[in-house]
Protein chains: 2
Amino acid sequence: MPPRNHVAESVRALLAEEQVAPGDRLPPERELAARLGVSRSSLREGLRRLADLGIIESRQGSGTYLAPLDLGDLFEVRLRLEPLAARLAAQRRGEEDLARLADALAEMRGVLGDPQLFGEADVRAHAAIVEASGSLPVRVLFAAIADLLRHSRATTAGNDDLRAGAVSEVAAIVEAIRDGDGDAAEAAMRDHLAHVGASLSAA
Amino acid sequence: MPPRNHVAESVRALLAEEQVAPGDRLPPERELAARLGVSRSSLREGLRRLADLGIIESRQGSGTYLAPLDLGDLFEVRLRLEPLAARLAAQRRGEEDLARLADALAEMRGVLGDPQLFGEADVRAHAAIVEASGSLPVRVLFAAIADLLRHSRATTAGNDDLRAGAVSEVAAIVEAIRDGDGDAAEAAMRDHLAHVGASLSAA
DNA sequence: GGACCATAATGGTCTGACCAATCTGGAGCA
DNA sequence: TGCTCCAGATTGGTCAGACCATTATGGTCC
């Protein structure tokens, strides 16, 4: 259980549950803290994190507001950063990275029939690639946007054909990383993201 | 004066001043708070921000440590994200964005002889491009790495020829953005970053 | 109907305390 | 001498309550 994200994620869950729309005002800090059962100081550290991610915006005397977020913009960023992550992973991966990648890929194959579990395995595979990149900025930036990607992953995981396609695409990425072929890894990741992007546009 | 970054930047300044090396332990929170003249709660919100950026890492009972950071990795991320920012800026820029860009470019020309001022103007120009992109994720990610870029900018700004070159390169970017030509803007930004990268490698 | 102001609401900060995990150094023993 | 083990100190994590600064609200007065 990651302690750092705990409050931030609880707040995100609460917002989703109450259907707070972008631009809406959040409940006051004092009330949020009480509802989540934490002190206001701890809540504020969580809110600070969300504010740094651009998810919320606080205005003294007025309130805290949910910022608008364009999933298309988010995907464009992914489209630029994940191929880099794949390239670096191919150049720097260690034995432990390869093992993690193999595990994640095997799990994707194993839970192909379950959209929910498949989505989680997919997340782990992408996380393993980012981790293998060995780049601190890449890891940090992905951590920042990771929890914003839940929607798009849900879209992908919900379609049977997409899941099957994703497995072979991810397999190609993993293979290129294992071979240490940066160009191929980057290309394979672009290919994968192109398919994901197409399905997102259709949805 | 941006209140949000205040503590985080003060801490960064202090670390630079005391030559805290990556992996070193920072002074205890209570001492840092006293030295910066803020309460421990405010200090912690600042530290939380640095921790989210991957700059520091806290271990309960042990201390807070400065994480290692590879400037080369950072530049690779920049190399991927800034061209995207330039492209989006060309597609979405408003009149206000164009005015800011023109101002920043004019200022770069005006302070060409002063490395310090030039560096600041350069930062403003890049910030204006990011702002004009209109993409929340892009803005957020750049805010996250902005203060990590000081070193590389110092390198660029310290060389007379590089400054002159940077002006014409940035001018080309601004022109492409004004024309609404995303392809040209992205290419011009790549060109600019290639020059910056070459100077970094040399240094 | 509109301008103005007292009041409430809300985020920003501070102080001081206690808890939990970790580190450190000395006591005791083999 | 060298090792183990444990108690205390150190340090980050959290909490509670208070006050300040800014903004929103609603009523009053013209």
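Below, chain A is the first sequence line, B the second, and so on; all start at residue 1.
- Rounded to an integer number of Å, the gap from L36(A) CG to dC15(D) C1' is 15 Å.
- Between S41(A) and the phosphate of dT14(D), there is no side-chain N or O to OP1/OP2 separation shorter than 4.0 Å.
- The side-chain hydrogen bond (donor to acceptor under 3.5 Å, both in side chains) test applied to R109(B) returns no partner, not counting sequence neighbours.
- Partners of R35(A) under the side-chain hydrogen bond (donor to acceptor under 3.5 Å, both in side chains) rule, at least two apart in sequence or in another chain, are E18(A), E31(A).
- Residues passing the side-chain contact (heavy atoms from CB on, under 4.5 Å) test with Q60(B), sequence neighbours excluded: none.
- What separates OH of Y65(A) from C1' of dT22(D) is a distance of 12 Å, to the nearest Å.
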Without placing hydrogens or testing angles, list every side-chain donor-acceptor pair under 3.5 Å for residues 22-30 of chain A, not counting sequence neighbours.
from	atom 1	to	atom 2	distance (Å)
D24(A)	OD2	A21(A)	N	3.0
R25(A)	NH1	S62(A)	O	3.1
E29(A)	OE1	R40(A)	NE	3.0
E29(A)	OE1	R40(A)	NH2	3.1
E29(A)	OE1	R44(A)	NH1	3.4
E29(A)	OE2	R44(A)	NH1	2.9

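- Straight-line distance from the CD atom of E45(A) to the P atom of dT13(C): 13 Å, rounded to whole Å.
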Protein proximity profile, nucleotides 7-12 of chain D - base contact B, sugar-phosphate-only contact S, no contact -, cut-off 4.0 Å on heavy atoms: ---BBB
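- Remark: A127(B) engages no residue in a side-chain contact (heavy atoms from CB on, under 4.5 Å) (not counting sequence neighbours).
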Trace of the side chain to side chain contact (heavy atoms under 4.5 Å, CB included) decision for H126(A) with R78(A): CA-CA 11 Å; H126(A) 282 263; R78(A) 233 186 121 186; 3.7 Å; yes
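- For L32(B) and dC14(C), the CG to C1' distance is 17 Å, given to the nearest whole Å.
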